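All figures in this text were calculated on a predicted structure; none of them were measured in a lab. Proteins come first, then strands; the chains are lettered A, B, ... in the order of their sequence lines, and each starts at number 1.
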Amino acid sequence: MSVAEAAAPGRDFIRDIVQADLDAGRYETVVTRFPPEPNGYLHIGHAKSICLNFGVAEEFGGRCHLRFDDTNPTKEEQEYIDAIERDVRWLGFDWGKHLYHASDYFEQLYQWAEDLIRDGKAYVDDQSQHDMRANRGTLTEPGRNSPFRDRTAEENLDLFRRMRAGEFPNGARVLRAKIDMGSGNINLRDPVLYRILHATHPRTGSTWSIYPSYDYAHGQSDAIEGITHSICTLEFEDHRPLYDWFLDNIKVPSHPHQYEFARLNLTYTILSKRVLTQLVRDGYVSGWDDPRMPTLAGLRRRGVPPEALREFVRRIGVAKANSVVDIGMFEHAVREVLNKTAQRRMAVLRPLKIVIENYPEGQTEELDAVNHPDDPTAGTRKIRFGRELYVERDDFMENPPKKFFRLSPGKEVRLRYAYFVTCREVVKNAAGEVVELRCTYDPATRGGNAPDGRKVQATLHWVSAKDSGPAEIRLYNSLFLSPSPDPTNFAADLNPNSLEVLTDARLEPALAVLGNSPEPVQFERQGYFCPDQDSKPGKLVFNRTVGLRDTWAKVSGATVSGANVSGAKGA
RNA sequence: UGGGGAAUAGUUCAACGGUAGAACAGCGGACUCUGACUCCGUUAAUCUAGGUUCGAAUCCUAGUUCCCCAGCCA
């Protein structure tokens, strides 16, 4: 083993298992699969699974299939199928020609079910749903056998074929495996293999009136595709004996193995398809791609780069312990990528007008600004300075606390790339609100440095009043107030300030070219932003992907509505 | 009183009988034309009790706590 290999051992228990299997020669090629049900959009939790499955395949020279687990036509839609493919690609993974559907195997699955019947290992049950539940027993009491459990193979076959033929209404009968009604594992108490569903399937249309259950379809689909490592989440752990039972009792072409890992949970976030669907359906958000949603579509629209998602997933690791990851860890990954890639621009979110009294009326001049402080190849751009400017309202305080470095009466600060200015006078309206600042500038400080070497405590971003353009800026905060929102009562926990729309922001002209391109950009001292698809010529809309780390907010104890903030303060 | 899992810094993950380590968060400092970035330093953990062993986070025993399972959802 090389030093490099020794220094980078299998990073998690799944990769350890795969490595061991390969070392032992149990498989030639690793084959994994990502098996979404197309009943909703993919979210950041799925990203963990996608990165795991595709990542393992990639790292060990194998392949990963994308397989739609489309066994329930009452919940699945083509829109979701399309969205899932789009999102997996966007995340950066490629299934090549290995695109499959459980529905591709319906006929084979059906034939195997007949085999089970002929072997006396499956039977048609006429019990009502109510009776079935009653006879299933409880967690502590065994179930009771169905009165239909001992039908002959012939009778079962006849009934099952008539189920397929559509002779019975929904719910009239089911096909069940004959395993053990007394098992402590409820999944083994004669699980349902097929139920009658007169529904139109996105792919098979109305050719079927019975559909296989997840348990019956999943393992056999894995076996058909030659999956070696079938990786799923913890809640399927006690399905594994059933997964194996099918593979042991059916003549399948291979016997994959199921391994379970802990799904992702995030603070201030709900990752439940049920809840996410409800947020969309009930209009709490604008859609599956609302930038506040933890969906891949939402994160994409918000401006999160796929690399950041992958890096985040890599860092949180894979284990079997239930856990909740601090959303701050995700934000850190986003900032890390964007800091390297996003060009810098100046934008004033909440404008406060300032007039440079000693700057000649009507005069303007161009100054150089760098596009990326750590990347000279990003070049520079010209920005126009003039007598009337806008600065950020938050950058002025009439009665500042001692640690406030920014503008206040009598205080000198630097306007980035431009001049030192000093606040001379505060203009207020009748209501006593500050509406304008009268300032002076020092012509000797052109470019941002004083020849006499004097320093200022702060550098502010600014835009020219005349030469800046208007924009709408959407600030996002967490959708929920609680660090651990309750999925069963999420509505009460909704953050009223999850979306804040700023309609009179001012952008430096160089931002106009960004227009509808999805390029991320850093508004200096504010955060990372990206143009939203709602942008129109003449009306730019920007989404805040994530704010910059803000030490001042912490020092000043400023209230942050809802929070971009994360991590509870230690007591 | 059934079955299946999991317990390591505040959080997430390592350590696979041999010095408990990383990332995020926190704190302190340096740097700075972004209170950003970067850099340096630093606080902080093996669920409990026994046992085996020269040596235990790791093995054994007994507990404790938490999670999942009673869909014709996945």
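The side chain of A/His332 contributes an N or O atom lying less than 4.0 Å from OP1 or OP2 of B/C24. Distances shown here put every side-chain N or O of A/Ser183 at or beyond 4.0 Å from the OP1 or OP2 atom of B/G3. For the OP1/OP2 pair of B/G26 and a distance below 4.0 Å, the side-chain nitrogens and oxygens of A/Lys554 include at least one atom meeting the criterion. Side-chain N/O atoms of A/Arg406 include none lying less than 4.0 angstrom from OP1 or OP2 on B/G35.
Taking the six-membered ring for Trp and thresholds of 30 and 60 degrees, A/Tyr259 and A/His257 have ring planes inclined between 30 and 60 degrees apart.
A donor N or O paired with an acceptor N or O is not found under 3.5 Å between the base of B/G35 and the side-chain atoms of A/Arg549. The base of B/U34 sits with one of its N or O atoms less than 3.5 Å from a complementary donor or acceptor on the side chain of A/Arg344. Contact of A/Gln522 with B/U34 (side chain to base): a donor-acceptor pair of N or O atoms is detected under 3.5 Å.
For RNA chain B, each stem of at least three Watson-Crick or G-U pairs (distances under 3.5 Å) is given as range with range: B:2-7 with B:64-69, B:10-13 with B:21-24, B:26-30 with B:38-42, B:47-51 with B:59-63.
The side chain of A/Leu548 lies closest to B/A36 when the candidates are B/U12, B/A36, B/A14. Considering only side-chain atoms of A/Ala319, the nucleotide from B/U11, B/C13, B/A36 that sits closest is B/C13.
Residue A/Val456 is classed as having no contact, given no heavy-atom separation below 4.0 Å to the nucleic acid. Among the protein residues, A/Glu237 comes within range of the sugar-phosphate backbone only, with heavy atoms under 4.0 Å from sugar or phosphate atoms but none that close to a base. Here A/Phe404 lies in heavy-atom contact (under 4.0 Å) with a base.
Salt-bridge formation is detected for the pair A/Glu508/A/Arg381: a Lys NZ or Arg NE/NH1/NH2 atom is positioned less than 4.0 Å from an Asp or Glu carboxylate oxygen. Looking at A/Arg67 and A/Glu225, a side-chain N of the basic residue comes within less than 4.0 Å of a carboxylate O on the acidic one, giving a salt bridge. With respect to A/Glu37 and A/Lys75, no salt bridge is recorded, no charged nitrogen being found less than 4.0 Å from a carboxylate O.
In B/G71 the O4'-C1'-N dihedral to the base is within 90° of 0, which defines a syn nucleotide.
The separation between A/Met329 atom CE and B/C13 atom C1' is 8 Å, rounded to whole Å. Rounding to whole angstrom units, CG of residue A/Leu242 and C1' of B/G3 are separated by 14 Å. One can place CG of A/Asp374 at 11 Å from P of B/U34, the figure rounded to the nearest angstrom. Here B/C13 presents its C1' atom at 12 Å from CZ of A/Arg315, a figure rounded to the nearest Å. The nearest whole Å value for the distance from the CG atom in A/Asp16 to the C1' atom in B/A14 is 11 Å. Look at CG on A/Asp550: it is 8 Å from P on B/A36, rounded to the nearest Å. The CZ-P distance, from A/Arg263 to B/U12, rounds to 16 Å in whole Å. In this entry the distance linking CZ of A/Arg416 with P of B/U32 reads 14 Å, nearest Å.
Counting only distance, with no hydrogens or angles, the side chain of A/Asp126 and the backbone of A/Phe148 share no donor-acceptor pair below 3.5 Å. With hydrogens and angles disregarded, no donor-acceptor distance shorter than 3.5 Å links the side chain of A/Asp104 to the backbone of A/Tyr100. Side-chain N or O atoms of A/Ser272 include one that pairs as donor or acceptor with a backbone N or O of A/Val275 at under 3.5 Å.
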Checklist line | Verdict with supporting geometry, A/Phe529 and A/Phe542, ring pair (Phe, Tyr, Trp, His ring centres under 6.0 Å) | finding: CA-CA 6 Å; A/Phe529 295 76; A/Phe542 280 82; 7.3 Å; no
Next item on the list: Between protein and nucleotides 68-74 of chain B, map the contacts as a letter string: B base, S sugar-phosphate only, - none, heavy atoms under 4.0 Å, written 5' to 3'.
Entry: BBBSBSB
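Atom P of B/A62 sits at a distance of 28 Å from the matching atom of B/C69, rounded to the whole Å. Nucleotides B/C67 and B/U43, compared at atom P, are 34 Å apart to the nearest Å. One C1' atom belongs to B/A44, the other to B/G71, and the distance between them is 45 Å to the nearest Å. Distance noted for atom P between B/G55 and B/G50: 16 Å (whole Å). For B/C47 and B/U64, the C1' atoms lie 7 Å apart once the distance is rounded to whole Å. Rounded to the nearest Å, the gap between the C1' atom of B/A15 and that of B/C27 is 27 Å. The same atom, C1', is picked in B/U8 and in B/C16; the two are 15 Å apart, to the nearest Å. For B/A7 and B/A57, the C1' atoms lie 11 Å apart once the distance is rounded to whole Å.
Under the 6.0 Å cut-off for aromatic ring centres, A/Phe106 and A/His201 qualify, their centroids lying closer than that. Ring to ring, A/Phe246 and A/Tyr216 are close: their centroids are under 6.0 angstrom apart.
Of the candidates A/Thr71, A/Asp70, A/Thr204, A/Ser103 forms a side chain to side chain donor-acceptor pair (under 3.5 Å) with just one, namely A/Asp70.
Taking all atoms of both residues into account, the shortest heavy-atom contact from A/Leu349 to A/Leu475 is CD2-CD2, 4.4 Å.
Summary of the strand contacts: A/Thr140 and A/Arg446 both lie near RNA chain B, and taking for each the nucleotide with the nearest heavy atom, the more 5' one is attributed to A/Thr140.
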